[in-house]
Amino acid sequence: MVATSALLGVAACLVPALLAAPADVDARGGGISIVEACHQQFGSTWAAAHSGEGKYDWYCVNSSNGNTGGVNLNDYCARTYGGGSVAVNGGGLWDWRCT
Ligand SMILES: *[C@@H]1O[C@H](CO)[C@@H](O)[C@H](O)[C@H]1NC(C)=O
């Protein structure tokens, strides 16, 4: 189900290499910005990162102190496009969009 599947897990540990290029995410994903979702949920010092290449591998990281947290893309879609909008995935890491 989309509502639960789009709530990504909290990454257990931080991979420093991901901080070097936290995300070239804004240009992709067709209407969804995972960086912006992280900003909305946690604050402007947070960036998006991914622990692997799977669609559920996104998480947010506080670039100031390295803390991590899960990203809720349904919440992002609702805030950005209105209450009826939810996050859907077309298959892979880069294939998130809002309805
Ligand atoms: C992010 O890290 C900074 C620096 O440690 C801290 O002041 C801030 O509270 C952190 N933000 C969140 C949402 O944890």
Side-chain angles (χ1 to χ4, degrees):
M1 196 171 145
V2 172
T4 50
S5 64
L7 177 60
L8 306 188
V10 176
C13 63
L14 178 65
V15 180
L18 293 173
L19 287 173
D24 181 23
V25 179
D26 284 5
R28 311 194 206 188
I32 200 161
S33 166
I34 296 172
V35 168
E36 185 57 31
C38 290
H39 289 174
Q40 284 180 357
Q41 277 182 250
F42 298 106
S44 60
T45 65
W46 289 64
H50 55 95
S51 58
E53 297 304 315
K55 60 185 172 184
Y56 301 127
D57 289 341
W58 287 110
Y59 63 98
C60 300
V61 56
N62 187 346
S63 52
S64 297
N65 65 6
N67 284 351
T68 61
V71 59
N72 187 330
L73 298 181
N74 283 329
D75 188 58
Y76 167 86
C77 289
R79 285 202 217 187
T80 305
Y81 297 104
S85 180
V86 295
V88 293
N89 184 277
L93 184 69
W94 303 102
D95 298 325
W96 287 101
R97 64 181 178 82
C98 295
T99 59

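Atoms considered below: every heavy atom in the structure, side chains included; atoms not considered: hydrogens, waters and symmetry mates. Atoms within a ligand are numbered from 1 in the order they appear, just like the ligands themselves.
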I need the atoms of ligand 1 closer than 4.0 Å to a non-hydrogen atom of F42, numbered in the order shown.
13 (C)
Any idea which heavy atoms bring T99 and G84 closest together, and the distance?
OG1-O, 4.0 Å
Atom 4 (C) of ligand 1: which protein heavy atom is closest, and how many Å away?
S64 CB, 3.5 Å
Counting only nitrogen or oxygen atoms and a 3.5 angstrom limit, does N65 reach ligand 1?
yes
Which word best sums up how the rings of Y81 and Y76 line up, parallel for under 30°, tilted for 30 to 60°, or perpendicular for over 60°?
perpendicular
Closest heavy-atom pair and its distance - A47, C38:
O-SG, 3.7 Å
Measure across A87 and N74 and return the closest heavy-atom pair with its distance rounded to 0.1 Å.
N-OD1, 2.8 Å
Quick test of your reading of the structure: of V61, T45, N62, whose heavy atom lies closest to atom 1 (C) of ligand 1?
N62
